[in-house]
Amino acid sequence: MDFDTVVNRKGTFCTQWDYVQDRFGVADLLPFTISDTDFALPDEVMIALKDRLQHPVFGYTRWNHETFKQSILHWYEKRFTSYLTPEDIVYSPTVMYSISKLLQIVSKKGEGVIVQTPAYDAFYKTIAGNERKIIPNPLCYEEGQYEIDWQDLELKLASQENTVLLLCSPHNPTGRVWQKEELAKIVSLCWQYDVFLISDEIHMDILRKGQKHHPIIDFMDKNVALVTSGSKTFNFPGLIFSYAILPDERIREQFQLALKNQDGLSSASNLGMLATMTAYYECSYWVDELNEYLDANFAFVKKYLAANLPQIKIVDSTATYLMWLDITKLNLPMEVVQRRLIEIGQVAIMDGSVYGDEGSNFLRLNIGCSKSKLELGLEKMVKSFT
């Protein structure tokens, strides 16, 4: 795959490019914003979709079949050496839909949901939208690294009012891969205090060289849910398809009842399912190439900013295509930082405070793009502060 190829996304109703004005107030900014990439889908997926489009009927689509489930089993065995039970796999339109439904199933209104902060902004919205309490477990940030505050986490898990831990693994926005020992400790604490663990693993495939992701279901098979999708990896969130792994039969039955009977979602996205199956069966090599390209982008940003804007410190993240930039030493309020980026640099980069108060001195930079776009964006960023 030639990831250097620039794909023009304008005019496709693209959130990142066509609607940048909605968030930043100005049109025609160079965007490094929401969490999708500018990369074309793998050839195998495009061929499968084009072939399917030759058939003129797009009727109701069944997801509950062996071909779909075996594609997921194949992926987990190949990428993570993890062995799933096919019966545990269920369809969901999106990861955030899965989280919302699971919160309704395993907790009550007014109960607390623990989240490591800073956190993906949709977590806050979904927890609040379901009338649950957001219980921050702020990550400890020292010397460019993030660690879990274990004492604070145990204190909050021990409270009977807090019934769910919503884990982001790998973590967005800090890019932290949780190590095997850390996950085992999280699981042990959740067991000890009878807290249901929901693990959002949508960034599981995007890892820096030498890193390994450990699916949460390798550690527990009760009081746990793994929610994820191929959409982040292969860049097809617009096809609306995700899945969950629910080992607990009672939870699984309640989830499917809510999906089908309450919300009328018994039919899946035909193209989303096809894209997922094709990618999981045929495109492991493509992910390896993607990660190599992103590693190079990460190294390029680090070197470029060190040479041209050393006040910005790079968090040495180990996953995702989202770089977390510490701008504390710019000694500027975020509103001034954003104004300079927009008015001088004409570039759009996410304000870290979107992800909670702990992100108020950070920017989140999406490097899921060609090196040429990234280089231009960094030039614009440097121009904004020099």
Side-chain angles (χ1 to χ4, degrees), residues 1-3 5 7 9 12-16 34-80 82 84-98 101 200-206 215 226-246 252 255-256 259-260 263-291 321 368:
M1 174 70 183
D2 181 8
F3 295 100
T5 298
V7 179
R9 300 180 66 193
T12 62
F13 304 102
C14 168
T15 301
Q16 181 161 191
I34 66 167
S35 186
D36 65 7
T37 76
D38 291 333
F39 300 133
L41 273 63
D43 289 342
E44 293 86 348
V45 176
M46 288 301 298
I47 289 169
L49 294 175
K50 288 176 181 178
D51 286 348
R52 180 62 184 85
L53 288 171
Q54 297 307 305
H55 194 292
V57 178
F58 291 86
Y60 293 119
T61 298
R62 178 75 59 93
W63 64 265
N64 195 359
H65 52 80
E66 184 176 355
T67 308
F68 165 59
K69 292 188 174 184
Q70 286 298 322
S71 72
I72 297 175
L73 266 62
H74 170 78
W75 190 253
Y76 273 72
E77 181 176 350
K78 185 175 184 64
R79 302 299 301 188
F80 312 123
S82 184
L84 308 182
T85 302
E87 291 77 18
D88 296 347
I89 300 168
V90 298
Y91 155 76
S92 170
T94 71
V95 165
M96 292 312 303
Y97 172 89
S98 296
K101 286 293 128 183
D200 174 357
E201 304 190 9
I202 198 168
H203 293 279
M204 63 190 185
D205 300 311
I206 311 300
L226 189 162
V227 294
T228 191
S229 172
S231 63
K232 198 70 67 178
T233 303
F234 298 100
N235 201 33
F236 49 71
L239 296 181
I240 315 298
F241 193 91
S242 80
Y243 59 93
I245 301 170
L246 307 176
R252 188 167 65 248
F255 184 89
Q256 291 181 283
L259 185 88
K260 295 179 181 181
D263 297 341
L265 293 172
S266 57
S267 181
S269 162
N270 183 281
L271 297 182
M273 183 180 67
L274 179 61
T276 300
M277 293 189 301
T278 305
Y280 277 6
Y281 276 127
E282 302 180 31
C283 299
S284 182
Y285 79 93
W286 187 91
V287 178
D288 294 336
E289 294 177 4
L290 171 67
N291 281 329
Y321 47 77

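Since the model is a prediction, treat every value here as computed from it, not as a measurement.
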**Student:** Give the minimum heavy-atom separation between S267 and Y60, together with the two atoms involved.
**Tutor:** OG-CA, 3.4 Å
**Student:** Would you check if the side chain of T228 reaches a backbone N or O of E201 as a donor-acceptor pair within less than 3.5 Å?
**Tutor:** yes
**Student:** Quick one, V227 with S92, criterion side-chain contact (heavy atoms from CB on, under 4.5 Å). Give me CA distance, side-chain angles, the key distance, then yes/no.
**Tutor:** CA-CA 9 Å; V227 294; S92 170; over 6 Å; no
**Student:** Would the distance check show the side chain of R252 and the main-chain N or O of D88 forming a donor-acceptor pair, the cut-off being under 3.5 Å?
**Tutor:** no
**Student:** Please report the closest heavy-atom contact between F241 and A268, naming both atoms and the distance.
**Tutor:** CE1-CB, 3.9 Å
**Student:** Are any side-chain N or O atoms of Y280 and backbone N or O atoms of I72, one a donor and one an acceptor, separated by less than 3.5 Å?
**Tutor:** no
**Student:** Can you tell me how far the CG atom of L49 sits from the CG atom of N270, to the nearest 0.5 Å?
**Tutor:** 9.5 Å
**Student:** Between atom CD1 of I47 and atom OG1 of T278, what is the distance when rounded to the nearest 0.5 Å?
**Tutor:** 10.0 Å
**Student:** To check you understand the geometry: which heavy-atom pair defines the closest contact between I34 and Q16, and what is its length?
**Tutor:** O-NE2, 3.7 Å
**Student:** Do P93 and L259 come close enough that some side-chain heavy atom pair is under 4.5 Å?
**Tutor:** yes
**Student:** Provide the closest heavy-atom pair for S242 versus V95 in the form atom of the first, atom of the second, distance.
**Tutor:** OG-N, 3.5 Å
**Student:** L84 and L73: side-chain contact (heavy atoms from CB on, under 4.5 Å), yes or no, with the steps?
**Tutor:** CA-CA 6 Å; L84 308 182; L73 266 62; 4.0 Å; yes
**Student:** Donor-acceptor pair, H65 side chain versus F68 backbone, under 3.5 Å?
**Tutor:** yes
**Student:** Rounded to the nearest 0.5 Å, how far does CG of D51 lie from CE of M46?
**Tutor:** 11.0 Å
**Student:** In Å, rounded to the nearest 0.5 Å, how long is the span from OG of S266 to CG of N64?
**Tutor:** 11.5 Å
**Student:** Can you check whether R79 reaches V287 side chain to side chain, under 4.5 Å on heavy atoms?
**Tutor:** yes
**Student:** Below 4.5 Å, heavy atoms only, C-beta onward: do T233 and S231 meet side chain to side chain?
**Tutor:** no
**Student:** Side chains of P215 and L226: closer than 4.5 Å at any heavy-atom pair?
**Tutor:** yes
**Student:** Measure the OG1-CE distance between T67 and M277 for me, rounded to the nearest 0.5 Å.
**Tutor:** 6.0 Å
**Student:** Quick check for you: to the nearest 0.5 Å, what is the distance between K232 atom NZ and D200 atom CG?
**Tutor:** 8.5 Å
**Student:** Which is it for D38 and F3 under the side-chain contact (heavy atoms from CB on, under 4.5 Å) test, yes or no, and what are the steps along the way?
**Tutor:** CA-CA 9 Å; D38 291 333; F3 295 100; over 6 Å; no
**Student:** Is the shortest side-chain heavy-atom distance between Y76 and I89 below 4.5 Å?
**Tutor:** no
**Student:** Should the pair D36-R9 be classified as a salt bridge under the 4.0 Å nitrogen-to-oxygen rule?
**Tutor:** yes
**Student:** If the test is side chain to side chain donor-acceptor pair (under 3.5 Å), which one of W286, Y285, Y281 qualifies with E44?
**Tutor:** Y285
**Student:** Is the shortest heavy-atom distance from the side chain of K69 to the side chain of W63 under 4.5 Å?
**Tutor:** yes
**Student:** Taking the side chain as every heavy atom from C-beta outward, state whether M273 and Y91 have any pair of such atoms under 4.5 Å apart.
**Tutor:** no
**Student:** Under 6.0 Å from the ring centre and within 45 degrees of the ring axis: does the NZ or CZ of R52 meet both conditions for the six-membered ring of F58?
**Tutor:** yes
**Student:** Show, in sequence, the C-alpha distance, side-chain angles and deciding distance for D263 and K101, and conclude whether the side-chain contact (heavy atoms from CB on, under 4.5 Å) test is met.
**Tutor:** CA-CA 10 Å; D263 297 341; K101 286 293 128 183; 3.0 Å; yes
**Student:** Are the side chain of T61 and the backbone N or O of S269 linked by a donor-acceptor pair below 3.5 Å?
**Tutor:** no
**Student:** Give a yes or no on whether the backbone of S35 and the side-chain of Y321 come within a donor-acceptor separation of less than 3.5 Å.
**Tutor:** yes
**Student:** Verify whether the ring centers belonging to F234 and W75 lie closer than 6.0 Å.
**Tutor:** yes
**Student:** Check whether any side-chain heavy atom of L271 sits under 4.5 Å from a side-chain heavy atom of F236, and report yes or no.
**Tutor:** no
